There are 2 protein chains.
Amino acid sequence: MTQFQTLEDQLRAAMPAMTRAERRLASHMLGNFPLSVLGTVATIAQDAGVSAPTVVRFVRKIGFSGYPEFRAQLHEEMGERLASPITKHEKWADRLEIDHPLNRFALRVIENLRQTLSQQDLRTFDAVRDLLADKSRSVYLIGGRLTRSIAEYFTTALHVMRSDVTLLSSQPNTWPPALLDMSAGDVLVVFDIRRYEPSVQQFAELAHAQQMEVVLFTDQWVSPTAGVARHILTSQIEVPSAWDTIVPLIALVESMLSALQDANWQDTRERLERMERFYEEMLLFKRMR
Amino acid sequence: MTQFQTLEDQLRAAMPAMTRAERRLASHMLGNFPLSVLGTVATIAQDAGVSAPTVVRFVRKIGFSGYPEFRAQLHEEMGERLASPITKHEKWADRLEIDHPLNRFALRVIENLRQTLSQQDLRTFDAVRDLLADKSRSVYLIGGRLTRSIAEYFTTALHVMRSDVTLLSSQPNTWPPALLDMSAGDVLVVFDIRRYEPSVQQFAELAHAQQMEVVLFTDQWVSPTAGVARHILTSQIEVPSAWDTIVPLIALVESMLSALQDANWQDTRERLERMERFYEEMLLFKRMR
DNA sequence: TCTTTTTTGAAACAAACGTTTCAGATTAGC
DNA sequence: GCTAATCTGAAACGTTTGTTTCAAAAAAGA
């Protein structure tokens, strides 16, 4: 079946060779495209004022094996037109040497990233941004075995933008004393992907009991910590290996940083400049020794 | 059934009240919207990795009488967006969504990732994989202010696959003594993106002088450490914000992990299984208290 | 006009579909 | 650590769907 033209074009091109009833059908299809073609054979037949067999004979005549194939083709075309920018599959993927493990793996990573971003709830994202931008709230971050490095990265970057940002140590026995300094309204950012860690969850529950706002970054299977979380940001993290990918999580974190920066650019720039000066002075000291 | 929001919103709004399998389903639907929802119950179920009954229960839960009604609603919405000539050639996502910082940022991240991958030298990649797979060499990792978290992540994952993996502390004053244990032929993995850190570079030079193999993960402007590096893997890291993105670096690291795993799956699996057992025993221990 | 050919839809049919049931698996509560 | 409650998918079910058959209707050719 030739795919070099759209369904609409195919319909028009077939017009001359049509019989009376078929022409009625085609003209109805074209007149209400593509809404008219979404339904079943029966509904189309009724709307166009022809019988169901006519519809089937018609799609056969223009080259499809049957109505299901015709509809599949339509769905494909609609999908292309409806796709949001980040949902779109890029052509460049074809050019990569697909056989190399690097590219095989990377394509799956990109697929995860794409899905993560397109399913992200923007309101949740904005709400978390506002929480973190609120300087009256202290921010604490915690992560598991693999996610602690994400928490660390987030912390380092957040420090540039605001004060009162604390990364909890990787040793759970230091957490209870840390709770002493946390107040109601403070924010706890939790990173937890499978295999979810009981200690992290327990701590989140304690924090929640202290009226803290819990923000959870997790995977598509959702950490049990979700039960006490005010806001949940999920990522697709499954790749063909014994591990998962944290790329979508990092992308979310960096997007959040970017949004925070936009929300309060004045302060951020000042802090950045001061940090630069401090770094320079540090270097000066070193040289003087 | 309330029609005041789009299907997409309804899916998201229902998220909190969902079970595990239903979340997986909703996540798949949102991640590939609206293409994912055009097909039959069976195809959706298969693509999302759940059973057909789950799909039916799900659409019931969010307020439809059954799957046909759910699909009818989707068709209606699609029709609205596609029918009028004005919007005909516009994308599904409205301007508001495209303009959202998350999506603006994400598009740039994906672009960086794309460039990083297409520019990657596969021979270098393979050579680094072979170095890291060689168990006669110890592996040391080091990173700067922002990249230390990447080194940490890499270390944690590498530990699962092999022994003799060490992450250097974030305090430079601990590095000279650490050098004592490093031998010629050992591997030093350096992460260094702008602004390049003199201390990291100095250490890499010392390591190089000790006949160590230096592997450098850096950005497109290339860290000065490149002078002493045997292998260099570069990433595109520039995004529209005061920061850079480490996503391409993470993707490279994870691809490397995946390649390493493939190179020596037998050993890796054994280590994984042993690790699992240890974790279980730890949990058991905790429960017994 | 009458015959032949083509077109068309009602009815019957088979395949695919959405739905329900139920037992095993998982999770939550005590 | 056990029990109760909830969740989940395989299999069976009845329904809808697309398709085929066939005879009536329409059109074309004589």
Side-chain angles (χ1 to χ4, degrees), chain A residues 14-29 36-75 194-198 201-202 204-205 208 218 220-228, chain B residues 14-29 36-75 280 283-289:
Chain A
M15 271 296 215
M18 296 276 142
T19 67
R20 207 160 30 82
E22 284 169 348
R23 205 162 287 182
R24 174 130 60 115
L25 175 61
S27 105
H28 170 261
M29 282 179 166
S36 52
V37 212
L38 280 171
T40 65
V41 167
T43 58
I44 297 175
Q46 192 178 347
D47 291 352
V50 299
S51 69
T54 300
V55 177
V56 175
R57 279 191 287 260
F58 175 81
V59 298
R60 287 259 171 77
K61 213 169 194 171
I62 56 177
F64 296 92
S65 71
Y67 187 72
E69 189 181 304
F70 175 81
R71 184 166 48 189
Q73 167 77 18
L74 179 80
H75 281 179
R194 70 171 182 188
R195 335 170 5 143
Y196 313 112
E197 287 171 49
Q201 189 189 344
Q202 281 163 22
E205 279 162 9
H208 177 249
T218 186
Q220 66 260 49
W221 303 283
V222 184
S223 150
T225 305
V228 296
Chain B
M15 269 295 216
M18 272 179 210
T19 66
R20 210 157 34 79
E22 286 169 348
R23 256 199 204 114
R24 169 126 63 125
L25 176 61
S27 160
H28 169 260
M29 282 179 167
S36 53
V37 211
L38 283 171
T40 65
V41 166
T43 59
I44 296 175
Q46 193 177 347
D47 291 352
V50 299
S51 68
T54 300
V55 176
V56 174
R57 278 192 287 258
F58 176 80
V59 298
R60 286 259 174 76
K61 212 170 194 171
I62 56 178
F64 297 92
S65 71
Y67 187 72
E69 188 181 306
F70 176 80
R71 185 165 49 190
Q73 166 78 15
L74 179 79
H75 282 177
E280 269 170 33
L283 285 179
L284 216 75
F285 186 72
K286 272 188 186 168
R287 283 205 204 100
M288 276 159 66
R289 275 189 310 183

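By convention in this document, chain letters (A, B, ...) are assigned in the order of the sequence lines, proteins followed by strands, and residues within each chain are numbered from 1. Note that the structure is predicted; figures quoted are calculated from it, not measured.
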- In whole Å, what is the span from the CZ atom of F70(A) to the C1' atom of dT19(D)? 16 Å
- Item | Minimum-distance pair of heavy atoms, taken over all atoms of R71(B) and T40(B) | NH1-CA, 4.3 Å
- Item | Sugar-phosphate, base or nothing in reach of A42(A), heavy atoms under 4.0 Å | sugar-phosphate
- Along nucleotides 7-12 of chain D, 5' to 3', which nucleotides get a B, which get an S, and which get a -, given that the test is a protein heavy-atom distance under 4.0 Å? SBBB--
- Item | Nearest heavy atoms of G49(B) and R24(B), plus distance in Å | O-NH1, 3.6 Å
- Message: Is any side-chain heavy atom of T43(B) closer than 4.5 Å to one of L38(B)?
- Response: no
- Query: Rounded to the nearest 0.5 Å, what separation is found between the CZ atom of F70(B) and the CD1 atom of I44(B)?
  - Reply: 6.5 Å
- Verify the distance criterion only: is there a donor paired with an acceptor across the side chains of Q201(A) and E205(A) at less than 3.5 Å? yes
- Message: How close do E69(B) and G63(B) get, counting heavy atoms only, and between which atoms?
- Response: OE2-O, 4.3 Å
- Note on the structure: All heavy atoms of V59(B) vs all of G66(B), minimum pair found to be CG2-C, 3.9 Å
- Note on the structure: Between A45(B) and A52(B) the two heavy atoms that sit nearest each other are CB-N, 3.7 Å
- Note on the structure: Bend of the helix from dT1(C)-dA30(D) to dC30(C)-dG1(D) from end-axis comparison, five pairs per end, nearest 10°, comes to 30°
- In whole angstroms, the gap separating P of dT17(D) from OH of Y67(B) amounts to 13 Å
- Message: Reading DNA chain C in the 5' to 3' direction, which nucleotide is the first one with an atom under 4.0 Å from a heavy atom of chain B, and which is the last?
- Response: dC17(C) to dT27(C)
- Message: Before you tell me yes or no, could you show the steps for T19(A) and K61(A) under side-chain contact (heavy atoms from CB on, under 4.5 Å), namely the whole-Å CA-CA distance, both residues' side-chain angles and the distance that decides it to 0.1 Å?
- Response: CA-CA 11 Å; T19(A) 67; K61(A) 213 169 194 171; 3.9 Å; yes
- Item | Rounded distance in Å - CD (E69(A)) to C1' (dG18(D)) | 14 Å
- Shortest non-hydrogen pair, L25(A) vs V55(A), comes out as CD2-CA, 3.7 Å
